[in-house]
Amino acid sequence: MPDPSNAQIAAAFDELGDLYELDGAIVHRVVAYRNAAKAVREAPVSIAALTREGKVTQLPGIGKTLEEKISALLETGTIPAAEKLRAKFPPGLVDMTRLPGVGPKRVRKLFDQLGIASLDALREAAEQQQLRDVKGFGPKFEETVLAAFAAGVAEKAAPRTLLHRATDMAAAIVDALQAHPSAGTVAVAGGVRRLTESVKDLDVIATSDDPAGLAGALGELDLVESCSVAGEAGARARTHTGMPIDLRVVAPDQLGNLLQHFTGSKAHNVRLREMAVRKGLHVSEYGVLDDATGTTHRCATEEEVYALLGLPWIAPELREDRGELDAGFIHPELVTQEDLRGDLHCHTIASDGRATIEGMAHAAQARGLEYLCITDHSATHGFGNDVPADELLRQVERVREVDASMDGFTLLIGTETNILPDGRPDYDDDVLAQLDWVVGSVHTQFQMGEAEMTKRIVAALEHPMIDCLGHPTGRLIERREGYTFDLDAVLDAARRTGSMLEINGNPNRRDLRETHARAAAQAGIPIVINSDAHGPETLDVTRWGVATARRAWLTKDDVVNTLPWRDFAPLRKRAR
DNA sequence: GCCGTTTTCGGCCCGACTGTTTTCAGTCG
């Protein structure tokens, strides 16, 4: 029996949280399970391995009891408490809590008194007006339930929108509201501001001398389908794509409080407020209440909010309770897109790209880059045109010619070679040796087991001609988990062999993901942020790679392609 | 269930909204 992955352990804790909640446990116990799930999910090391070493309680949020539960999961494949609770509460109960306005307490009551144990049974009971017979429930509740079914909420979890799309939408909304005559400051908060991988809604905050007018203006926007509760304090709306928008309007002297509150994350805010309480302060979106004086400090800026708590301003990307509120925290100087001088992963019409070598090179130069490496897909098929070895060698000549024709720009030739199932690249070494740079990527046989995949990637990293591992996990955000491998072993191999790891900027990938990138940088492994562009316009996607890097606490020093090529070149494995 | 310039027990963020309520519990963000 293979060890459960961190994701599986986290899921088990989330399930236990749900089950204990149905069982009527106090909220703090439930929260403890959910916090533990978050800690496990974000851990860059194997929780199973950590547990075997007896060190898992070092992870904040994991105590003696949860350690025992992980041990049981490792040894028997299951957790006794979960077995017991599953026998008590059918799985349909947790499904029911997905409906808005339907939480664990109400589900439990309906289960106990009417035996309702599934979404279907709930719908039927609502249709037959049976729910109102239970004390605490009425006709409105039946309506809410039926409306949720009618809206299709029951079928699937609320969709999440990838950051690049959410950012475009948010920008359009901010621009439109900013144009309103009453608008003062209009700003994006929430996950879009923190640059998370995906978001479930848009949070927009504003000041205005006509709050109701501004809130009304939101409902008039083309991309808004419907708008409800528009009033003095703001509005709730929904886009045609189904994304909820939350607009909050506040006086200018509270803008800092509101921005801090609505930027989140929830975990950051909870931790921040707990720290505040210990200092006799109470933080909310309206101000900071001081117990000692009974006065509420209103803050026009976030800096003032943090300063009242004795903290430096913290970049939104770091606000995840991943150490940014710990004693001794020193704010890192986060890498920016302007820091990037080169891009070492892009495609042309030679494989599946849309532009020529010249097209890509001039586009990169126009964007202010100093160097670009052409890395078309390799000899094994699957991505547009194959590039057999002789074709790649002709591509070397073409790139050298274009490079010679360019002023103040270095054009490089490489490849994105497929890492074959046994870990070898799909060109011969003497071909790879004629290139400036080689990205190795896994594009096939994702299904192989963890041990085999680890062996495959480690073998690739040990290859003297593979300089960098491309999109290391193969995940697609919200769509595909990516293949599983032992991260510790891969990081160890990268460090040992002098290989670099990529943060792929494609907004669907952002791979390495932030927790892995942070672990890699801490291990001293050089990180490269690449676009993987297939056309001139997608060269800009490095901004999403930078977003991931910033969320991983990376500085300019952690990212190698912030260096000019003359300083980058000697760091390549092939040059060492 | 976790955690400790509250350290082995007694706390554990803050506020809004909703519906069913005679004063509040449940849900949500």
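Naming: A, B, ... by sequence-line order, numbering from 1 per chain.
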Would you mind telling me which residue lines up with the more 5' stretch of DNA chain B, A:N269 or A:F141, judged by nearest nucleotide? A:N269
For the C1' atoms, the ones on B:dT27 and on B:dT20, what distance do you get once it is rounded to whole angstrom? 14 Å
Any ion pair linking A:R52 and A:D3 (charged N to carboxylate O, less than 4.0 Å)? yes
Looking just at side-chain N and O atoms, do A:S208 and A:S182 make a donor-acceptor pair shorter than 3.5 Å? yes
Sequence neighbours left out, what passes side-chain hydrogen bond (donor to acceptor under 3.5 Å, both in side chains) with A:T293? Give chain and number order. A:T295
Using the C1' atom as the reference point in each nucleotide, state the distance between B:dT23 and B:dT18 in Å, no decimals. 15 Å
NA contact type, A:L99, heavy-atom cut-off 4.0 Å: base, sugar-phosphate, or nothing? sugar-phosphate
Whole-Å distance between B:dC2 P and A:Q58 CD? 15 Å
Please list, pair by pair, any protein nitrogen or oxygen found under 3.5 Å from a nitrogen or oxygen in nucleotides 3-6 of chain B.
from: B:dC3; atom 1: OP1; to: A:G61; atom 2: N; distance (Å): 2.7

Nearest-angstrom distance from the residue atom CG of A:L289 to P of B:dC13: 15 Å
Whole-angstrom distance between B:dT8 and B:dC2, as gauged at atom C1': 12 Å
Counting the atoms with a prime plus P, OP1 and OP2 as sugar-phosphate, which does A:L272 contact under 4.0 Å by heavy atoms, base, sugar-phosphate, or nothing? nothing
Within the structure shown, what part of the strands sits under 4.0 Å from A:V31 by heavy-atom distance: base, sugar-phosphate, or nothing? nothing
Does the side chain of A:R236 pick up a donor-acceptor pair with the side chain of A:S228 at under 3.5 Å? no
Can you see whether A:Q260 engages A:N269 through a side-chain donor-acceptor pair at a distance of less than 3.5 angstrom? yes
Please report the distance separating the P of B:dG4 from the corresponding atom of B:dC13, rounded so that it comes out in whole Å. 15 Å
Do A:E324 and A:R194 meet the salt-bridge criterion of a basic N to acidic O distance under 4.0 Å? no
According to the Watson-Crick and G-U wobble definitions, with both distances under 3.5 Å, which nucleotide is paired to B:dT8? none
For A:R236 and B:dG15, what is the distance between atoms CZ and C1' respectively, to the nearest whole Å? 15 Å
Mind checking if A:P139 touches a base, just sugar-phosphate, or nothing, with heavy atoms under 4.0 Å? sugar-phosphate
Of the candidates B:dG26, B:dC13, B:dG15, the side chain of A:K266 sits closest to B:dC13
Using the P atom in both, what is the distance from B:dC9 to B:dA16, to the nearest Å? 38 Å
I'd like to know if the side chain of A:S265 pairs up with that of A:R319 as donor and acceptor (distance under 3.5 Å, no hydrogens or angles considered). no
Integer-rounded Å distance: B:dG11 C1' and A:R29 CZ: 17 Å
Output the rounded distance in Å from CD1 (A:I79) to C1' (B:dG1). 14 Å
On the nucleotide B:dC2, are OP1 or OP2 found under 4.0 Å from the side-chain N or O atoms that A:T65 carries? yes
Residues A:R248 and A:D203 bridged, charged N to O under 4.0 Å: no
Please tell me which of the listed nucleotides, B:dC14, B:dG15, B:dG1, lies nearest to the side chain of A:R273? B:dC14
Within the 4.0 Å heavy-atom criterion, would you say A:K109 contacts the bases, only the backbone, or no part of the nucleic acid? nothing
Please pick, from B:dG29, B:dA16, B:dT27, the nucleotide with the shortest atom-to-atom distance to any side-chain atom of A:H261. B:dG29
Looking at B:dA16, I'd like to know if its phosphate oxygens (OP1 or OP2) sit under 4.0 Å from a side-chain N or O belonging to A:Y286. yes
Between B:dC12, B:dT27, B:dC14, which one does the side chain of A:E274 approach most closely? B:dC12
Could you tell me the separation between the CZ atom of A:F262 and the P atom of B:dA16, rounded to a whole number of Å? 10 Å
So which one's nearest nucleotide on DNA chain B is more toward 5', A:V107 or A:F137? A:F137
Between A:H282 and B:dC14, does any side-chain N or O lie under 4.0 Å from OP1 or OP2? yes
Is it true that atom CG of A:D222 has more than 12 heavy atoms of other residues, nucleotides or ligands lying nearer than 6.0 Å? no
Using whole Å, what does the distance between atom P of nucleotide B:dG29 and atom CZ of A:R98 come to? 14 Å
A:H28 NE2 to B:dC12 C1', in whole Å, measures 4 Å
Take atom P in B:dG10 and the same atom in B:dG15, then report the distance between them in whole Å. 26 Å
Would you call A:D23 and A:R29 a salt bridge, taking side-chain N to carboxylate O under 4.0 Å as the test? no
The side chain of A:K140 is closest to which nucleotide in this list: B:dC2, B:dG26, B:dT20? B:dT20
When you compare B:dT21 with B:dT6, how far apart are their P atoms, in angstrom units rounded to a whole number? 43 Å
